[in-house]
Amino acid sequence: MSTRTTHLPSKGHTAMSSRPKPHAPESQDPDDRLIASESLNGEYPWRDPAKQVPYGTVLLIAAKLKWSPAAAVERLRALGYADVQRSEGPLPDAVEPDDAPLLRSVERSWGILPVDVDKIVSLRQIIESAALTGRSPADVARRMTAYGYQVGTGARPLPETANARDVALIRVNLRGDWLSWGDDVSGHDVLRLAQELSCSPYFAAERLLALGLRLPFTPEPGDERLLKHADTPGGGWIGQWGAVPVAHILTVARETGRSHADILARLKELGCQRPGGNVPESQEEDDLVLLSENLDGRLPWLMKNDVVGLQVRHILRASLVTGRSPAQAAERLAALGHWLHENANLPAVATESDIRLLESLTRSYLDDVHLEHVLRSATLTGRSPKDVATRLTELGYRLPDEVTYPEVVPGVRAG
């Protein structure tokens with residue numbers, strides 16, 4: 001006969017229950033020991049006869065022993081486990097061993113915790129079980145329903161295809177937060193997920209909807225072109241933080257025939273940042289040339305610099321390529337949102353010598369140009385320090401040092 005013993009707490013400790021731990025079953029039958037073990041492995045810790053046996057445990061026992069669930073319930077009661085949880089419907093005739101992973105809760109990383117039949121099966125349970133077994137979410141949901149569980153669903157049927165990205169799509173963070181049935185997902189988050197998973201934002205949006213989530217927009221096939229700014233494998237998609245280049249909008253408008261206003265409105269719906277510049281009402285013939293880094297009308301596009309403004313050397317190069325004067329090129333780029341620093345003095349005519357000089361300089365209009373910078377540019381361009389200093393001053397740079405620059409061309413010229 002078991003007794004209850006009370007121990008006085010020692011200093012720094014609280015009193016603990018002395019309830020005896022469940023003993024191993026008297027039966028030495030391997031099946032009985034498996035049934036009585038908490039981890040269904042025939043070893044300690046043992047199941048407490050005073051506690052209810054979860055319905056999911058009955059199914060897991062049936063799967064392990066290849067018994068019917070009814071036979072598992074009968075044997076549990078014969079071993080002294082009188083309180084056995086049941087589902088609302090009848091017990092299934094059998095449990096497929098391959099279905100056992102579906103019945104274990106994914107919320108525990110150790111031991112065996114069966115899925116609670118009294119609660120709606122979580123989206124995480126469906127998705128992680130599908131990933132674990134290589135099945136589709138729809139197949140997992142059907143199996144869980146057949147075993148008497150309630151599965152939540154969205155407005156669409158769950159996907160009939162497996163996809164390795166599903167787990168990452170519904171994981172909110174690494175702290176253990178997950179999306180649930182019917183949760184709202186913003187367009188901004190769709191772009192983030194697509195960027196993290198190197199997939200199309202359209203695919204991410206379609207898959208989230210199929211997994212029972214809600215979006216503030218309806219995905220459209222045309223979103224693919226709208227959000228793709230580069231033909232690079234696994235990437236090239238507009239992300240959650242980067243501003244959409246104006247040139248990208250102009251390119252999409254030219255290719256698709258959509259208006260600038262329509263494209264801007266759709267990008268906003270999809271959670272994109274505001275464009276990195278001004279989108280013109282009408283496009284001029286050489287706008288894409290002016291807005292391209294290499295002045296060839298293609299990627300990479302010119303990025304808006306809100307700190308030091310547009311580089312003068314880009315304006316001079318654009319002048320030579322387009323036939324516009326430097327002032328005209330600067331004026332059009334300003335209309336497109338790329339401003340020129342107030343200290344900059346544009347020459348009336350673009351020359352290769354000025355372009356080479358500006359390419360040799362690592363200072364902006366916010367910086368002072370000192371002797372070492374002048375000497376470096378002189379060496380790289382083959383011009384005298386005095387000539388370099390004079391021309392940089394004419395272009396609007398600050399040379400605050402009181403230095404007498406030599407007129408002699410440096411003897412060493414960089415290749």
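Nothing fancy with the numbering, it's 1 onward along the sequence. All values below come from the heavy atoms of this structure, side chains included, with hydrogens, waters and symmetry mates left out.
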*asked:* Quick check for you: to the nearest 0.5 Å, what is the distance between L76 atom CG and I61 atom CD1?
replied: 4.5 Å
*Give, for atom CG of D31 and atom CG of L79, the distance between the pair rounded to the nearest 0.5 Å.*
10.0 Å
*Taking side chain to side chain donor-acceptor pair (under 3.5 Å) as the test, write out the residues that go with R33, two or more places apart.*
none
_Beyond-backbone contact of P159 with L211, side-chain heavy atoms, under 4.5 angstrom_ = yes
*Would you check if the side chain of R47 reaches a backbone N or O of I35 as a donor-acceptor pair within less than 3.5 Å?*
yes
*Rounded to the nearest 0.5 Å, how far does CZ of R383 lie from CD of E407?*
13.5 Å
*Flag the pair T251 / W301 as yes when at least one side-chain heavy-atom distance between them is below 4.5 Å, and no otherwise.*
yes
*For the side chain of S319 and the backbone of I315, is there at least one donor-acceptor N/O pair under 3.5 Å apart?*
no
*Determine, stepwise, if the pair V172 / L179 fulfils side-chain contact (heavy atoms from CB on, under 4.5 Å).*
CA-CA 6 Å; V172 176; L179 293 171; 3.9 Å; yes
_Salt-bridge present (D99, R135; N to O < 4.0 Å)_ = yes
*Using a 4.5 Å cut-off on heavy atoms from C-beta on, say whether the side chain of L361 contacts that of Y397.*
yes
*Short question: side chain of S37, backbone of L34 - any donor-acceptor pair under 3.5 Å?*
yes
*asked:* For the CD atom on E281, are there more than 12 heavy atoms of other groups (residues, nucleotides or ligands in this structure) within a distance under 6.0 Å?
replied: no
*asked:* So which atom in H370 and which in D401 form the shortest heavy-atom distance, rounded to 0.1 Å?
replied: ND1-OD2, 2.8 Å
_Looking at Q85 and P54, would you say the former's side chain and the latter's main chain have a donor-acceptor pair under 3.5 Å?_
no
*I170 CD1 to D177 CG distance, which is reported to the nearest 0.5 Å*: 12.0 Å
_Within this structure, what is the OG-CG distance for the pair S186 and L270, rounded to the nearest 0.5 Å?_
11.5 Å
*asked:* Test of understanding: with side chain to side chain donor-acceptor pair (under 3.5 Å), list the residues that count as partners of E359, not counting sequence neighbours.
replied: none
*Where L169 and L193 come nearest, the two heavy atoms and their spacing*: O-CD1, 3.7 Å
*Should E224 and K228 count as an ion pair when the cut-off is N to O under 4.0 Å?*
no
*Please state whether the rings of H229 and H248 are parallel, tilted or perpendicular, taking 30° and 60° as the class boundaries.*
perpendicular
_Just checking E220: does its CD atom have more than 12 heavy atoms from other residues, nucleotides or ligands closer to it than 6.0 angstrom?_
yes
_With sequence neighbours excluded, residues passing side chain to side chain donor-acceptor pair (under 3.5 Å) with K268_ = none
*If you take all heavy atoms of W339 and V308, which pair is closest and at what distance?*
CH2-C, 3.7 Å
*Under a 4.0 Å N-O cut-off, is there an ion pair linking R142 with E160?*
yes
*Could you walk me through whether D116 and S105 pass the side-chain contact (heavy atoms from CB on, under 4.5 Å) check?*
CA-CA 8 Å; D116 190 347; S105 175; over 6 Å; no
*asked:* Side chains of P25 and W46, heavy atoms from C-beta outward: is any pair under 4.5 Å?
replied: yes
*Whether R274 side chain and A243 backbone form a donor-acceptor pair below 3.5 Å*: no
_Check this for me, if you would: do E284 and R324 make a salt bridge, where the nitrogen-to-carboxylate-oxygen distance has to be below 4.0 angstrom?_
yes
*Are any side-chain N or O atoms of Q125 and backbone N or O atoms of S122, one a donor and one an acceptor, separated by less than 3.5 Å?*
no
*Once you round to the nearest 0.5 Å, how far does CD of Q52 lie from OH of Y81?*
14.0 Å
*Any side-chain heavy atom of Y147 within less than 4.5 Å of one from V95?*
yes
_Taking atom CD as the centre, does E255 end up with more than 12 heavy-atom neighbours from other residues, nucleotides or ligands that are less than 6.0 angstrom away?_
yes
_Name of the residue among L102, V115, L103, V121 meeting side chain to side chain contact (heavy atoms under 4.5 Å, CB included) with S129_ = L102
*Any side-chain heavy atom of S384 within less than 4.5 Å of one from Y405?*
no
_H260 side chain near Q283 side chain, heavy-atom distance below 4.5 Å_ = yes
*Looking at V190 and P201, what are the two nearest heavy atoms and their distance?*
CG1-O, 3.6 Å
*Which atoms form the tightest heavy-atom contact between W181 and L123, and what is the distance?*
NE1-N, 3.3 Å
*At their closest point, which heavy atom of L60 faces which heavy atom of P114, and how far apart are they?*
CD1-CB, 4.3 Å
*asked:* We want to know whether S136 and D139 form a side-chain donor-acceptor pair, criterion being a heavy-atom distance below 3.5 angstrom.
replied: no
*Begin with the C-alpha distance, continue with both residues' side-chain angles, and end with the deciding distance and a verdict on side-chain contact (heavy atoms from CB on, under 4.5 Å) for D354 and V312.*
CA-CA 10 Å; D354 279 344; V312 171; over 6 Å; no
*Are the side chain of S39 and the backbone N or O of N41 linked by a donor-acceptor pair below 3.5 Å?*
no
Just distance, no hydrogens or angles: give the donor-acceptor pairs under 3.5 Å from side chains in residues 292-299, sequence neighbours left out.
residue: S292; atom: OG; partner: L288; partner atom: O; Å: 3.3
residue: S292; atom: OG; partner: V289; partner atom: O; Å: 2.9
residue: S292; atom: OG; partner: L295; partner atom: N; Å: 3.2
residue: S292; atom: OG; partner: D296; partner atom: N; Å: 3.0
residue: S292; atom: OG; partner: G297; partner atom: N; Å: 3.0
residue: D296; atom: OD1; partner: R298; partner atom: N; Å: 3.1

*State which residue, out of L267, I249, I263, L336, fulfils the side chain to side chain contact (heavy atoms under 4.5 Å, CB included) condition with P275.*
I249
_Check: D367 and S364 side chains under 4.5 Å, non-hydrogen atoms_ = yes
_Considering only residues two or more places apart or on different chains, which pairs with a residue in residues 302-318 satisfy side-chain hydrogen bond (donor to acceptor under 3.5 Å, both in side chains)?_
Q311-R313
*Hey, mind stepping through N345 and E394 against side-chain contact (heavy atoms from CB on, under 4.5 Å) and telling me if it holds?*
CA-CA 7 Å; N345 292 326; E394 292 171 349; over 6 Å; no
*Please name all residues satisfying side chain to side chain donor-acceptor pair (under 3.5 Å) with E285, sequence neighbours left out, ordered by chain then number.*
none
_Testing the 3.5 Å rule here: is there a donor-acceptor pair between the side chains of D387 and T390?_
no
_Closer than 3.5 angstrom, by distance alone: can the side chain of S180 be matched with the main-chain N or O of D183 as a donor-acceptor pair?_
no
*H188, R192, Q273 screened by side chain to side chain donor-acceptor pair (under 3.5 Å) with Q240, the one that passes*: H188
